[in-house]
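Please read the structure below before turning to the comments.
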Amino acid sequence: DGGITQSPKYLFRKEGQNVTLSCEQNLNHDAMYWYRQDPGQGLRLIYYSQIVNDFQKGDIAEGYSVSREKKESFPLTVTSAQKNPTAFYLCATASRPSTDTQYFGPGTRLTVL
Amino acid sequence: AQTVTQSQPEMSVQEAETVTLSCTYDTSESNYYLFWYKQPPSRQMILVIRQEAYKQQNATENRFSVNFQKAAKSFSLKISDSQLGDTAMYFCAFRIGGRGSTLGRLYFGRGTQLTVWP
């Protein structure tokens, strides 16, 4: 079954804890992206990666970290430094970032207790 | 800076009717792409339609079409023969094309919640 998978679907975190959101793809796409969605707002870019072992900060990178050790995987860690992490997180991929359409995974809902 | 504005937070339409969602954008770039995504209650983001800025012809996908006015920086989405399954949040998005530091990032509007009623 091809596509983009995100896990878990729902995640609960206590204040002060780090959590990692998974994003995996088997589309052989080069570029991967993390977006955050809050009610009443569009999606905001957290981090993005065009190739393995390389990534760049987006507009709201503070309190987040990523890695890109494999082409298929782009995990996002929400650290305790992120002051308001409760949100819906979407991962996206694109075959060629300069010209191709981005496709999205099903998302992870993170709630801080 | 690139900005995308959707001025209609909510809209509703009766089944089988036509509805148009508005989007304007601001950029100094000449090579770019525009998109409409829909997000149904499942929250899965689904591509509806895509438009390359260098193409004068408006994109169409079955019941969905756009009115791309490059000089006015306007990119509206028309949904014909609306169906109950079209109920969703619709997002307009913009991306700079070609090489450069932007690396294909999307800029999103805040969305328009469309409700289709029987």
(Q) If you count heavy-atom pairs within less than 4.5 Å of chain B, which of A:G58, A:G105, A:A92 leads? (A)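 Highest number of pairs under 4.5 Å: A:G105.
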Q) So which of A:Q41, A:R44, A:Q37 has the biggest tally of heavy-atom pairs under 4.5 Å with chain B? A) A:Q37
Q) For A:E15, does the CD atom sit with more than 12 other heavy atoms under 6.0 Å from it, leaving out its own atoms? A)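 12 or below, so no.
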Q | Test item: A:S73 side-chain N/O and A:K70 main-chain N/O as donor-acceptor pair under 3.5 Å | A |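 No, A:S73 side chain to A:K70 backbone: no donor-acceptor pair under 3.5 Å.
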Q) Are A:F104 and A:Y10 connected, step by step, through hydrophobic side chains (Ile, Leu, Val, Met, Phe, Trp, Tyr) whose heavy atoms are closer than 4.5 Å? A) no
Q: Tell me who clusters with A:Y64, hydrophobic residues only, linked when side chains sit under 4.5 Å apart either directly or through other members.
A: A:L11, A:V19, A:L21, A:M32, A:W34, A:I46, A:Y47, A:F55, A:I60, A:V66, A:F74, A:L76, A:V78, A:Y89, A:L110
**Q.** Shortest non-hydrogen contact from A:A94 toward A:H29
**A.**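 Between these two residues, the closest heavy atoms are O-CB, 3.4 Å.
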Q: Calculate, to the nearest 0.5 Å, the distance between atoms OG1 and CG belonging to A:T86 and A:D38 respectively.
A: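 Reported to 0.5 Å precision, the distance equals 9.0 Å.
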Q. Which value, rounded to the nearest 0.5 Å, describes the distance between B:I46 atom CD1 and B:Q39 atom CD?
A.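 With rounding to 0.5 Å, CD1 (B:I46) is 9.0 Å from CD (B:Q39).
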Q) Quick one: disulfide bond (SG atoms under 2.5 Å apart) pairs with a partner in residues 6-57 of chain B, sequence neighbours left out? A)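 Only B:C23-B:C92 qualify under disulfide bond (SG atoms under 2.5 Å apart).
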Q | A:T101 side chain to B:R50 side chain, donor-acceptor N/O pair below 3.5 angstrom | A |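 Result is yes, a qualifying pair exists.
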Q | Polar contact flag, side-chain donor to acceptor under 3.5 angstrom, B:E17-B:S82 | A |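 No - no donor-acceptor pair under 3.5 Å links their side chains.
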Q: Could you tell me which portion of A:L43 (side chain, backbone, both or neither) has an atom closer than 4.5 angstrom to a non-hydrogen atom of chain B?
A: both
(Q) Using a 4.5 Å heavy-atom cutoff, which residues in residues 64-74 of chain B come close to chain A? (A) none
Q. Is any residue of residues 108-118 of chain B within less than 4.5 Å of chain A by heavy atoms, and which ones?
A. B:F108, B:G109, B:R110
Q: Measure distances from B:L47 to the heavy atoms of chain A and classify the residue's part below 4.5 Å as side chain, backbone, both or neither.
A: side chain
Q) Do A:S67 and A:P75 come within less than 4.5 Å of each other through their side chains, counting heavy atoms only? A)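 Yes. Closest side-chain heavy atoms under 4.5 Å.
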